[in-house]
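This report concerns only the one structure given below.
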Amino acid sequence: MKQLFVKYKVVIQFLGVFLGSYVLLSLLYGFYLHISNGTSHTPDVVTRTVAQQSSAILKSLGYNAAVIANNDQPSMQLWVNQHQVGTIIEGCNAISIIILFIAFVLSFASHWKKTVLFLLGGAVLIYSINIVRIAILAMALYQYPQYQEVLHTVVFPGIIYGLVFLLWVFWVRSNTKKNTEHSIEGEQNKRLYE
């Protein structure tokens with residue numbers, strides 16, 4: 001049994017860090033949502049901010065956009081030119097996706113400074129792309145309401161998850177490349193001293 005743990009130490013470590021950080025961050029986020037929403041039906045601060053920023057992008061593109069808090073659920077209605085094109089709920093604010101991104105990056109952490117900088121940069125990029133994604137989705141739903149299902153369930157989730165996947169690939173490749181270079185240098189140095 002001990003040999004299995006030694007043999008698969010890297011895999012076990014990856015799973016432990018990934019699952020541990022994902023569960024911990026998800027619990028903290030759930031606690032934030034519980035405190036933020038309380039007994040009211042207003043959305044949390046992050047969801048409201050995402051809705052307002054998406055509306056601001058639409059306005060900057062010449063659309064008459066507005067967001068209105070729902071009275072019966074914690075969400076924001078997104079309106080374009082007096083037509084409600086969508087409802088922004090907690091799941092639209094990209095925090096759950098950022099948590100998934102963070103858990104994966106921590107699983108492949110190498111140097112803490114580099115890891116922290118990549119986490120901050122990646123989280124800001126995901127958050128920003130998500131706002132732009134919501135604004136573009138709102139424009140598409142306003143112009144082509146008949147394609148709502150495919151736009152909302154396939155195309156636009158693909159954008160945000162595709163971005164996260166590309167960031168993961170970049171992170172793994174940058175860490176693997178350096179680790180491989182260090183291993184090769186170590187082997188060469190070892191041969192020189194033999």
Backbone N or O of [Y] within a donor-acceptor pair of the [X] side chain at under 3.5 Å?
{"X": "Ser26", "Y": "Val23", "result": "no"}
{"X": "Ser54", "Y": "Val50", "result": "yes"}
{"X": "Asn130", "Y": "Cys92", "result": "yes"}

When Ile126 is tested against each of Ile95, Leu163, Ile102 for side chain to side chain contact (heavy atoms under 4.5 Å, CB included), which residue passes?
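Of the listed options, the one satisfying the test is Leu163.
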
>> Using the side chain to side chain contact (heavy atoms under 4.5 Å, CB included) definition, which of the options Asn64, Leu58, Leu141 pairs with Val80?
In response: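 Testing each of Asn64, Leu58, Leu141 against Val80, the sole residue satisfying side chain to side chain contact (heavy atoms under 4.5 Å, CB included) is Leu58.
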
| query | What is the ring orientation for Phe118 with Trp171, classed by angle as parallel under 30°, tilted 30 to 60°, or perpendicular over 60°? | reply |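 Phe118 vs Trp171 ring planes: parallel.
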
Parallel under 30°, tilted from 30 to 60°, perpendicular over 60°: which one fits the rings of Tyr147 and Tyr144?
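The rings of Tyr147 and Tyr144 sit tilted, inter-plane angle from 30° to 60°.
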
Got a second to check how far [X]'s [atom1] is from [Y]'s [atom2], nearest 0.5 Å?
{"X": "Ile57", "Y": "Arg133", "atom1": "CD1", "atom2": "CZ", "value": "12.0 Å"}
{"X": "Ile136", "Y": "Ile131", "atom1": "CD1", "atom2": "CD1", "value": "12.0 Å"}
{"X": "Leu137", "Y": "Ile159", "atom1": "CG", "atom2": "CD1", "value": "8.5 Å"}
{"X": "Asn175", "Y": "His111", "atom1": "CG", "atom2": "NE2", "value": "8.0 Å"}
{"X": "Trp79", "Y": "Ile68", "atom1": "CH2", "atom2": "CD1", "value": "6.0 Å"}
{"X": "Trp112", "Y": "Leu117", "atom1": "CH2", "atom2": "CG", "value": "13.0 Å"}

Should Met76 and Ser55 be marked as a side-chain contact (heavy atoms from CB on, under 4.5 Å) after you check the CA-CA gap, both sets of side-chain angles, and the distance that decides it? CA-CA 11 Å; Met76 302 289 285; Ser55 175; over 6 Å; no

Please lay out, stage by stage, how Leu167 and Phe104 fare under the test side-chain contact (heavy atoms from CB on, under 4.5 Å).
-> CA-CA 10 Å; Leu167 288 171; Phe104 185 86; over 6 Å; no

[X], [atom1]: over 12 other non-hydrogen atoms inside 6.0 angstrom:
{"X": "Gln148", "atom1": "CD", "answer": "no"}
{"X": "Glu149", "atom1": "CD", "answer": "no"}
{"X": "Tyr32", "atom1": "OH", "answer": "yes"}

- Task: Kindly say whether the aromatic ring centers of Tyr161 and Phe165 come within a distance under 6.0 Å.
- Result: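 Between Phe165 and Tyr161, which both carry aromatic rings, the centre distance is not below 6.0 Å.
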
**Asked** Do Phe108 and Val11 sit in the same hydrophobic cluster, where Ile, Leu, Val, Met, Phe, Trp and Tyr count as joined when their side-chain heavy atoms come under 4.5 Å apart?
**Response**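 Hydrophobic grouping puts Phe108 with Val11.
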
- Task: Determine, step by step, whether Leu100 and Val164 satisfy the side-chain contact (heavy atoms from CB on, under 4.5 Å) criterion, reporting the C-alpha distance in whole Å, the side-chain angles of both residues, the deciding distance to 0.1 Å, and the verdict.
- Result: CA-CA 9 Å; Leu100 186 64; Val164 171; 5.5 Å; no

**Message:** The test is side-chain contact (heavy atoms from CB on, under 4.5 Å); show your working for Leu33 and Tyr29 and say whether it passes.
**Reply:** CA-CA 6 Å; Leu33 288 175; Tyr29 181 54; 3.7 Å; yes

